[in-house]
There are 2 protein chains.
Amino acid sequence: MTATTNLEIKKDMAIIVKKFGGTSVGNIDLIRNIAHRLTSEYHKGEGLVLVVSAMAKTTDELFSLAYGISKHPSRRELDMLLTAGERISMSLLSLALMEEGIPSISFTGSQSGIITDEKHGNARILKVNAFRIQEELEKGKVVIVAGFQGVSTSKEITTLGRGGSDTSAVALACYLKANKCEIYTDVDGVFTADPKLVEKPKLLRQISPELMLTLCYNGSKVLHPRAVEYALKYGVEVEVKSSFTFAPGSLITNKMTENNEENNMEERKVTAIAHKNALLRYTFPLNVKVLKTLSDWYYEIYKSFVNEGLLELFVESKYETEVDYFLQERNTKPISKKGDLAFVNLIGLGLGHDPAFLATVMENCQNFNILRSFNNEQSIELLLPDQNCAAAVKTLHKIYIEEQV
Amino acid sequence: MTATTNLEIKKDMAIIVKKFGGTSVGNIDLIRNIAHRLTSEYHKGEGLVLVVSAMAKTTDELFSLAYGISKHPSRRELDMLLTAGERISMSLLSLALMEEGIPSISFTGSQSGIITDEKHGNARILKVNAFRIQEELEKGKVVIVAGFQGVSTSKEITTLGRGGSDTSAVALACYLKANKCEIYTDVDGVFTADPKLVEKPKLLRQISPELMLTLCYNGSKVLHPRAVEYALKYGVEVEVKSSFTFAPGSLITNKMTENNEENNMEERKVTAIAHKNALLRYTFPLNVKVLKTLSDWYYEIYKSFVNEGLLELFVESKYETEVDYFLQERNTKPISKKGDLAFVNLIGLGLGHDPAFLATVMENCQNFNILRSFNNEQSIELLLPDQNCAAAVKTLHKIYIEEQV
């Protein structure tokens, strides 16, 4: 079947950006399924922009190929290599749509006009100039865009870091003034805690962008924190939903929900519990050399603190070899390195400013050996030994979410 | 002149809640001025609800009268005494409006249906049941409400704590589904830092509720943090503006501003700098008795942390005598008490997760003896000796706000 242009599409059509993650495009059947489900939306006359990640495991495979050749591969070449992943998934999805009789065209990050800085492997978006997408939408085509990638101002291919496709999608939604940005994933939406860990996780039908941001910066993997930051900054409405069922998921919005007035108006509630385990703490003296190293830092820093004049950086243990190499290259030595740490984070508006609430949390955590706690506007953050992390999440979820009416 | 009902007022009129703080109703001339300025809005047919604080200094005077009689006055009787303050200002404003020919009626917190918990001196709103206000608005009257006060479920008079009138106003705006909640004050709006401290403070025409919340919880006195929390939770649009000029001030909203797309899209900027000085740190062992004391805590806790198994509470030095007495009553002894501390807080979306940015901040703070730093989604928080606070705010404001384009 050849693709024909849908003549009914208007210039002022509603645009929806949909992002499909690696597990959602993990094999040909899944890709066909997505194409098939999109036909009715296309025929309604909506402008569809599909942002795709590489097929599940592709990026990991490409990584291990590179590391098989070089222990410390050039970051520029790594970006060149990794961006092949989305080329595969995007062209396959385009072919699947054409098979459904829908005209479509795929674009790389560079072709879609995602302009970034020069930081290979973890680039930030400077601007979006997606006129080519707009032109193709106006011709009635579905546009498929490679997520995770961009092009620097000096025309080098860059990648946005792990989870970067979410950020690509939100950035395009913003540029295109899309009605909505839908993030399709392998779960039903945003849960009150990791469903693999707690007994009765609840699906959050709605969550405010600021709580979502805190949730994502504190270990929830459902959405990339930079994408939420972007959505918050530019007012893009995001929905997280299942790519298997296409059922309504979790809406990230500040819109008032009905019947809120009936509740205890100033009550402070735990909206969700995030956690991050397998963390490693590097402690450094706070001197000029360390600050220089910090400003060159490539790897994701989970948390940073200054404590009694020392700089503490928490990073994921899996990056240990790379971080050690990076530090060695710069001749920067940590004073100490401590592994097996975790953070558990109770998230909800105003929580950290309620002494009575804090007292109950500390009471309920007596067996978990809380090493530190930081409390702010919307969270109570607990540092504890990794071995107590799962039990703490389970206990706190039971008390503050499951047992609440 | 006697007051007559404006017959043009419709049932579905636009309602605006306006709150006037203590300095705005500080004397009879100021009160007359407000009444006069409100006439045109009234005649446009808008439903006006005016929430007033006690006249400036009244609350302090009533406090010192009470403390003249008793060193540790009963909190219930204190609330009874203090709530006289708003009765005076609200009835005076009502009289001034009648003089302008505008029908008006004043209500206490209890009459306006602000239902709170039992925590005298620092009560939280449980619900609002403001049907009497609604009835009077429908009759075409301007309704004046005593801010800062409520009534508990056991019919006791309570107060909402310092700055509580802001919270009263936002809560009523929410109940009445008001179009807007305007907070009139003695400054022009929200500034990038304390105008008394920095050379070139900038007025923020717009700020997102989540950054405003962080700003208010970290020392900005322009708005009560609980009011912002409330506005954020229930989607009330708030504007902070001058009661002397009535000119447009700072809008607290998430609405997208124009031309944002032209900017460096993922750039992280300092929106404002907050600070809080004259702080005292109490350090406690983390045991059952201390947690019990924490859950009974009456005074505002500025910040709390757990650090290496010890509980640290930062409170304003001015509360030292009262806190010491409170601890003594409960036989709870701190391990240590340290004064002359301050927090400076750089506020902006994503700031705390950018290692290169953190490096520049620490570099620029080398002379300020930073004791600790906590970095999260929207702030970099610095603990430092009080004596360095003003210089740090000035320096950081110059570098991160004044010198930015």
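Just so we're on the same page: letters track the sequence lines, and every chain starts at 1.
- Contacts of B:E363 with chain A are made by both backbone and side-chain atoms, with heavy-atom separations under 4.5 Å.
- The two residues B:S220 and B:A274 come nearest to each other via the heavy atoms N-CB, 4.5 Å.
- Ranking B:N376, B:I370, B:V290, B:L232 against chain A, the residue ahead of the rest is B:L232, based on heavy-atom pairs under 4.5 Å.
- Of the atoms belonging to B:Y230, it is side-chain heavy atoms, and not backbone ones, that fall under 4.5 Å from chain A.
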As a quick check of understanding, evaluate side chain to side chain donor-acceptor pair (under 3.5 Å) for B:T116 and B:T158, giving each step before the final call.
CA-CA 7 Å; B:T116 74; B:T158 53; 2.7 Å; yes
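- If you measure heavy-atom distances from B:L371 to chain A, the contacts under 4.5 Å come from the backbone alone.
- Heavy-atom pairs under 4.5 Å with chain A were tallied for B:E229, B:Q366, B:E308, B:M362; the largest tally goes to B:E229.
- Residue pairs meeting the salt bridge (Lys or Arg N to Asp or Glu O under 4.0 Å) criterion with at least one member in residues 284-293 of chain B, sequence neighbours excluded: B:K292-B:D296.
- In this pair, B:Y282 and B:F284 present their aromatic rings parallel. The plane angle is below 30°, not in the 30 to 60° band.
- Remark: B:F343 engages B:Y302, B:F314 in a ring-ring contact (aromatic ring centres under 6.0 Å, His included) (not counting sequence neighbours).
- Contacts of B:S304 with chain A are made by both backbone and side-chain atoms, with heavy-atom separations under 4.5 Å.
- Using a 4.5 Å cut-off between heavy atoms, B:N369 does not touch chain A at all.
- Contact record, B:L215 with B:A272: CD1-CB, 3.7 Å, taken as the closest heavy-atom pair.
- Only the side chain of A:V288 comes within contact range of chain B, with heavy atoms under 4.5 Å apart.
- With respect to chain B, the highest number of heavy-atom pairs below 4.5 Å among A:Y217, A:F357, A:F305 belongs to A:Y217.
- Of the atoms belonging to B:T167, it is side-chain heavy atoms, and not backbone ones, that fall under 4.5 Å from chain A.
- Here B:H353 is the residue among B:H353, B:K303, B:Q378 with the most heavy-atom pairs under 4.5 Å with chain A.
- With rounding to the nearest 0.5 Å, the separation of CG in B:L384 from CG in B:L341 is 8.5 Å.
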Please assess B:E316 against B:K276 for the test salt bridge (Lys or Arg N to Asp or Glu O under 4.0 Å), listing each intermediate value before the final yes or no.
CA-CA 9 Å; B:E316 292 180 56; B:K276 184 86 174 181; 3.3 Å; yes
